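Just so we're clear, the structure is a prediction, and the values are computed from it rather than from any experiment.
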Amino acid sequence: MTKYIQIFIIFLTLSACGQNATEMKTPENANEKFAEFIAKKKFVEENFYPGIADEKMRPVFTENKSNRIGF
């Protein structure tokens with residue numbers, strides 16, 4: 001049984017190493033779109049999301065979100 005597990009693990013390792021690496025391309029206007037997203041009003045009602053219950057908390061939550069990503 002352990003021999004089959006070892007063979008399986010070796011197979012998974014070799015198949016993972018055989019993957020082609022793809023380069024991630026950043027759009028030219030990425031900084032512009034990111035700035036638009038940061039300036040966008042957050043926690044508003046959309047689709048099934050009812051929005052924020054207490055409007056006084058919106059600036060607190062918005063500030064907390066931006067601090068987590070280093071801004």
Interatomic spacing from [atom1] in [X] to [atom2] in [Y] - rounded to 0.5 Å:
X: I9; Y: Y4; atom1: CD1; atom2: OH; value: 15.0 Å
X: I7; Y: L12; atom1: CD1; atom2: CG; value: 12.0 Å
X: M1; Y: I5; atom1: CE; atom2: CD1; value: 4.5 Å

Next item on the list: Would you please name every residue forming a salt bridge (Lys or Arg N to Asp or Glu O under 4.0 Å) with E55, sequence neighbours left out?
Entry: R58

Item checked: Contacts of E32 that satisfy side-chain contact (heavy atoms from CB on, under 4.5 Å) - sequence neighbours left out -> N29, E36

Next item on the list: Report the residues that fulfil side-chain contact (heavy atoms from CB on, under 4.5 Å) with D54, sequence neighbours left out, ordered by chain and then residue number.
Entry: K56, M57

